[in-house]
2 protein chains.
Amino acid sequence: MNSPQNNTKVYIGIVKQLRSMIEHDGLKPGDRLPSERELSERLGVGRSSVREALRALELLGLIETRRGEGTFMRDFRGHQLVQLLSTFILQDKKSIRDVKETKFLIELDCLWLIIQKAGEDRLLRFRKWTLEADYTDDDFFLEIVTLAENHLFLRIWIILKDYYNSLDLEKMMITKQQYAELIDTLISRKDSEVIRVYKELRNLSKD
Amino acid sequence: MNSPQNNTKVYIGIVKQLRSMIEHDGLKPGDRLPSERELSERLGVGRSSVREALRALELLGLIETRRGEGTFMRDFRGHQLVQLLSTFILQDKKSIRDVKETKFLIELDCLWLIIQKAGEDRLLRFRKWTLEADYTDDDFFLEIVTLAENHLFLRIWIILKDYYNSLDLEKMMITKQQYAELIDTLISRKDSEVIRVYKELRNLSKD
DNA sequence: CTCTCACAGTGGTCAGACCAGTTTATTTTT
DNA sequence: AAAAATAAACTGGTCTGACCACTGTGAGAG
């Protein structure tokens, strides 16, 4: 009890030090991290502890290791994370419905965000693009979620998409008319009551 | 090229075997897993590889280890995951805005879901409850997200809430009038065009 | 019966060894 | 001199054995 806090495990500390190291050196996806042996020496810990930290980060999809080459920053796309979330957290059948619902609502939110954030000209071009694009394709919604400029939504959506595709469900078919109608409705309601209140609330949370 | 696929790392295989072991034995949160040494022997791999797998699962918040006692299943609430997401993925300042935005939109989505899913009587009671409750409290929104009956949204929201609270930001203050107005607007628009299209699209994704 | 304490079991960590790949430098061959 | 083959120096992947710190338990002392 009296002892300070020897609780923190070494590998957790390594994860933190790696984080600050990445931040300090400004490492981008694709950049190489120091070797395991060098990290072990620089941080004054055993190599196995370094490996435990690296393996954990790898499973999270944050880094990538190639034997003989080294350890590299990864373009976070939650690869392993997908299967883990899908097998551990989303194991019950009921949650498949939640995935559908959540994925769709996020797409709707992103559509909303695009329309809110875009100016008149961008809005027109976007409207035109939606008419030409193939919205039954994953890439269409990927573009939608990307344009929303919310990295968090993007990450979550990608995970949901991968999980959704890993199931052998039929695609959610949407007619072009329906989707166009939805977009037009959202655009026309850009200044409706819901949006107005939403905007006011948003303004309160400016940084 | 011709070689089958010796790529799979040992610790990844251990993660998978652990998963099937958990599923097969029906291990629930709180249950104890075999010891590292026993797993090492049973799976015919080194203890260090077992540890790499366990550490990764621990960082994901799926298991919990207590020195001298053993390794236990955990009630997944993404504890470590929170800090990781917050420190790695959300490290740049810009993404703080994403967290705010995402959290708020999810709350909005859940509000939407509640109103859509509820019948007339439940809707009235819900409306009454929102007038009495303290909506600046986390518990209020927790109730909202819970009532939406979407476990995935609930999980994500909890993570965002924890992260949001870990930052030392001022709370997003919403006046009672604003929030009431928002709810009333959503309720009154229950059959508006957006909702109608949304419903049609949702119906297409029934199981 | 109760208390104490040694012991077995468990996770935490480290060091060293070896294997399997990749990269780089060196040597050999053309 | 240029190109090809070889060797050396790394890098990650894995295993083993050892030791520490901690927990639970059971045997023996009181």
Side-chain angles (χ1 to χ4, degrees), chain A residues 1-18 21-22 25 27 29-74 79-80, chain B residues 1-18 21-22 25 27 29-74 79-80:
Chain A
M1 294 295 181
N2 209 358
S3 62
Q5 69 286 16
N6 207 359
N7 267 340
T8 45
K9 307 178 183 181
V10 171
Y11 91 99
I12 292 287
I14 294 176
V15 168
K16 291 181 180 175
Q17 298 210 48
L18 277 174
M21 188 180 303
I22 290 171
D25 298 351
L27 295 185
D31 290 350
R32 197 175 145 229
L33 272 65
S35 72
E36 297 179 352
R37 289 173 177 83
E38 184 182 341
L39 283 174
S40 166
E41 192 176 357
R42 269 166 59 175
L43 303 180
V45 296
R47 192 183 153 210
S48 49
S49 294
V50 172
R51 280 188 62 80
E52 289 181 8
L54 289 179
R55 265 356 89 207
L57 294 182
E58 186 185 49
L59 195 66
L60 270 172
L62 299 176
I63 62 174
E64 178 185 7
T65 56
R66 294 196 285 271
R67 174 178 352 203
E69 299 183 53
T71 306
F72 301 86
M73 297 289 299
R74 189 169 169 172
H79 202 64
Q80 310 284 2
Chain B
M1 295 293 182
N2 209 357
S3 63
Q5 69 284 18
N6 205 1
N7 269 339
T8 45
K9 306 178 184 181
V10 171
Y11 91 99
I12 293 288
I14 296 176
V15 168
K16 291 181 179 175
Q17 298 210 49
L18 277 174
M21 188 181 302
I22 290 171
D25 298 352
L27 295 185
D31 290 349
R32 189 168 156 242
L33 272 65
S35 73
E36 297 179 353
R37 289 171 177 83
E38 184 181 343
L39 283 175
S40 167
E41 192 176 358
R42 269 166 60 175
L43 303 181
V45 295
R47 193 185 152 207
S48 51
S49 295
V50 172
R51 279 188 62 80
E52 289 181 8
L54 290 178
R55 261 2 85 208
L57 292 181
E58 185 185 50
L59 196 65
L60 270 172
L62 298 177
I63 62 174
E64 178 185 5
T65 57
R66 295 196 283 271
R67 167 158 29 184
E69 298 183 55
T71 306
F72 301 85
M73 296 289 299
R74 190 169 167 170
H79 203 64
Q80 309 284 1

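- With values rounded to the nearest 0.5 angstrom, B:Leu27 atom CG is found 6.0 Å from B:Leu33 atom CG.
- When rounded to the nearest whole Å, the span between CD of A:Glu69 and C1' of C:dT22 equals 6 Å.
- Rounding to whole angstrom units, CD1 of residue B:Ile63 and P of C:dT10 are separated by 15 Å.
- Between the P atom of D:dA18 and the CD atom of B:Glu36 lies a distance of 18 Å, rounded to the nearest Å.
- Under the salt bridge (Lys or Arg N to Asp or Glu O under 4.0 Å) criterion, B:Arg42 pairs with B:Glu38, sequence neighbours left out.
- Among the nucleotides D:dG13, D:dC22, D:dT11, the one closest to the side chain of A:Thr65 is D:dG13.
- With sequence neighbours left out, A:Val10 forms a side chain to side chain contact (heavy atoms under 4.5 Å, CB included) with A:Ile14, A:Val45, A:Ser49.
- If you check C:dG12, D:dG13, C:dT10 against the side chain of A:Arg55, the one that comes closest is D:dG13.
- In this structure, the CG atom of A:Leu39 is 12 Å from the C1' atom of D:dG12, given to the nearest Å.
- For A:Ala56 against B:Arg55, the heavy-atom pair with the smallest separation is CB-O, 4.2 Å.
- In terms of phosphate contacts, B:Arg67 brings no side-chain nitrogen or oxygen within less than 4.0 Å of OP1 or OP2 of C:dT13.
- Dashed line: the shortest gap from a side-chain N or O of A:Thr71 to OP1 or OP2 of D:dG12 is under 4.0 Å.
- Closest to the side chain of A:Ser35, from the set D:dG13, D:dT11, D:dG24, is D:dT11.
- Summarising the geometry, the separation between CZ on A:Phe72 and C1' on D:dC10 is reported as 12 Å, rounded to the nearest angstrom.
- Taking atom NZ on A:Lys9 and atom P on C:dT13, their separation rounds to 8 Å, with Å as the unit.
- Proximity note for A:Val10 (side chain, C-beta onward) versus D:dA21, C:dC14, D:dG12: the nearest is C:dC14.
- Between the side chain of B:Arg66 and the base of C:dG11, no donor-acceptor pair of N or O atoms lies under 3.5 Å.
- The CD1 atom of A:Ile22 sits 7.5 Å away from atom CG of A:Leu57, with the distance rounded to the nearest 0.5 Å.
- Across the protein-nucleic acid pair, A:Arg37 atom CZ and D:dA9 atom C1' stand 11 Å apart, rounded to whole Å.
- No salt bridge links B:Glu52 with B:Lys9; every basic N to acidic carboxylate O contact stays at or beyond 4.0 Å.
- Atom pair A:Leu54:CG and D:dG12:C1' shows a separation of 10 Å (rounding to whole Å applied).
- The two atoms that bring A:Ala53 and A:Tyr11 nearest to each other are CB-O, 3.6 Å, heavy atoms only.
- At a non-hydrogen distance threshold of 4.0 Å, A:Arg47, A:Arg51 from residues 40-51 of chain A come into contact with DNA chain D.
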